[in-house]
Amino acid sequence: MICLILGDTDFPNKVLEDIKKKKIKYFIIDLSKKNSFKKDKNSNRISIGQFGKMIRLMKLIKCNKVLFAGKINKPKFSSLRMDIKGFYYLPKIIKAAKLGDAAIIKVIIDILNEEKISVISAITFSPELSLNKGNYSRIKPNKNDVIDIVKGKKYLNKLNAHNHVQGLVVRNGKIIKTETSAGTKKMLQTVKPSKIKEGILIKLPKIEQDLRIDLPTIGLDTLIDCMRAGLKGVVLKHKKNIFLDKRKCIQFANKHKIFIKII
C-alpha cells in the first residue's frame, strides 16, 4: 500500500493514472487547494497540520511508503487545523515556511522518517516523464543561446535548496525574469515579447534539492505561455524534470519554432 500526498498542478493526475494502470493499492491524502481528489473513494482530506491523524491513518492501513506529487502551498497558520502532533511540530513548520514551500515538504519528510515511513521519488511509477539529455525539437539552440543557458544555470545553481525559484527567463545575456512563489505561469505572463523571437525559459532543480519532491515541471500550457511571451526555447535538467504531454509539446514546439533542450 502506498500513500499519495497530492497537491495542485496536472502532475498528480498523471501519477494517479499510472498507479491505477499498474493496479497498485493506494490511498490519497489530498492537500490540494480545492480538494481536487474528493471523487476518489480512496481520498482523504486532511489538514497539513494534522500530523497525528495523518500518521495514524498510514499505520492503520500498513503504509510504509509515501509519494509526494504536485504543488503543496504554504498554509495560512491563522486558520490551520491542528492536532496534538501538529502543535508539537508547529515551530518547525513556521520556521520552514519562511524558507519556502519545498522546506515545508522537507519537514513533513523528516516527521515521516521519525515514524519509519519512507518517501519515494515522485516519478517512481512514471519514469517516462523524465527526459534524458538531448534536443527534442527540430530547432536547436545557437551559440548565443548556449551562452544564455550557461548564465541562467549559474544563477540557479547559486540558490539554496529551499528557495522557491526553479525557473527564470534569460534574454540576450540578461536574466529578465525569475520565478516567484506564484509559479512559472505567472512569471511568463509578465514577459513582454520582443519584435523577434528570443529569450529562453530555464527550469532546473537547486543543487541540494531533495529530488524525491518538487521536480521542475513543464507541459503543453508552459509551451503555449512561452510562445505568447515570444521565447525561443525551453531548457531542463536531464532525469531531474517532469515533462507532461511530451508528444503534444514536441509537435507544438516544432510548429512554433521553439527548441526543447535537456542538458
Side-chain angles (χ1 to χ4, degrees), residues 1-90 93 96-97 101-130 181 183 185 210-215 217 219-221 242-245:
M1 178 71 74
I2 185 165
C3 171
L4 306 176
I5 299 182
L6 305 181
D8 295 298
T9 71
D10 292 334
F11 178 49
N13 293 313
K14 175 59 178 168
V15 170
L16 187 55
E17 179 186 324
D18 287 345
I19 283 177
K20 286 179 177 179
K21 283 180 181 177
K22 291 179 170 67
K23 297 183 179 179
I24 296 167
K25 291 183 179 180
Y26 71 92
F27 77 98
I28 297 169
I29 292 177
D30 187 349
L31 295 182
S32 64
K33 273 186 177 181
K34 297 181 179 179
N35 197 7
S36 302
F37 305 94
K38 61 185 177 182
K39 292 182 179 180
D40 192 299
K41 65 179 182 180
N42 298 317
S43 183
N44 302 269
R45 184 70 166 173
I46 301 176
S47 166
I48 199 171
Q50 293 176 308
F51 289 112
K53 184 177 180 181
M54 207 179 289
I55 291 165
R56 281 196 305 273
L57 180 59
M58 290 179 190
K59 291 187 174 181
L60 179 66
I61 60 176
K62 298 180 180 179
C63 165
N64 59 4
K65 290 183 180 179
V66 170
L67 183 152
F68 286 85
K71 181 177 175 58
I72 296 173
N73 295 282
K74 190 183 298 184
K76 292 182 179 179
F77 293 106
S78 59
S79 58
L80 187 63
R81 286 177 292 163
M82 311 284 287
D83 57 18
I84 293 173
K85 279 207 173 186
F87 279 114
Y88 176 76
Y89 289 115
L90 183 61
I93 300 170
D101 297 344
I104 296 173
I105 299 176
K106 187 66 173 65
V107 167
I108 298 175
I109 289 175
D110 290 342
I111 293 168
L112 293 174
N113 284 338
E114 289 176 17
E115 299 290 337
K116 305 284 191 292
I117 299 169
S118 62
V119 175
I120 62 176
S121 169
I123 56 172
T124 298
F125 302 106
S126 310
E128 74 282 358
L129 294 181
S130 190
S181 57
K185 188 175 187 68
D210 189 330
L211 296 175
R212 293 172 295 178
I213 57 171
D214 198 29
L215 285 172
T217 302
L220 184 58
D221 284 348
I242 295 169
F243 200 102
L244 302 172
D245 300 318

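Nothing fancy with the numbering, it's 1 onward along the sequence.
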Q: Report the residues that fulfil salt bridge (Lys or Arg N to Asp or Glu O under 4.0 Å) with Asp40, sequence neighbours left out, ordered by chain and then residue number.
A: Lys20
Q | For Lys116, all residues meeting salt bridge (Lys or Arg N to Asp or Glu O under 4.0 Å), sequence neighbours excluded | A | none
[X]: what forms a side-chain contact (heavy atoms from CB on, under 4.5 Å) with it, not counting sequence neighbours?
{"X": "Asp245", "value": "Leu220, Lys248, Cys249"}
{"X": "Lys185", "value": "Gln189, Asp225"}
{"X": "Ser121", "value": "Ile123, Thr124"}
{"X": "Asn113", "value": "Ile109, Asp110"}

Q.
Test: salt bridge (Lys or Arg N to Asp or Glu O under 4.0 Å). Region: residues 77-90. Which pairs qualify, not counting sequence neighbours?
A. Lys85-Glu115
Which residues pass the side-chain hydrogen bond (donor to acceptor under 3.5 Å, both in side chains) test with [X], not counting sequence neighbours?
{"X": "Glu114", "answer": "Tyr89"}
{"X": "Ser43", "answer": "none"}
{"X": "Lys34", "answer": "none"}

Without placing hydrogens or testing angles, list every side-chain donor-acceptor pair under 3.5 Å for residues 2-14, not counting sequence neighbours.
residue : atom : partner : partner atom : Å
Asp8    : OD1  : Lys33   : N            : 3.3
Asp8    : OD2  : Lys33   : N            : 3.2
Asp8    : OD2  : Asn73   : ND2          : 3.1
Lys14   : NZ   : Asp18   : OD1          : 3.2

Q: Not counting sequence neighbours, list each pair that qualifies as a ring-ring contact (aromatic ring centres under 6.0 Å, His included) and has a residue in residues 13-45.
A: none
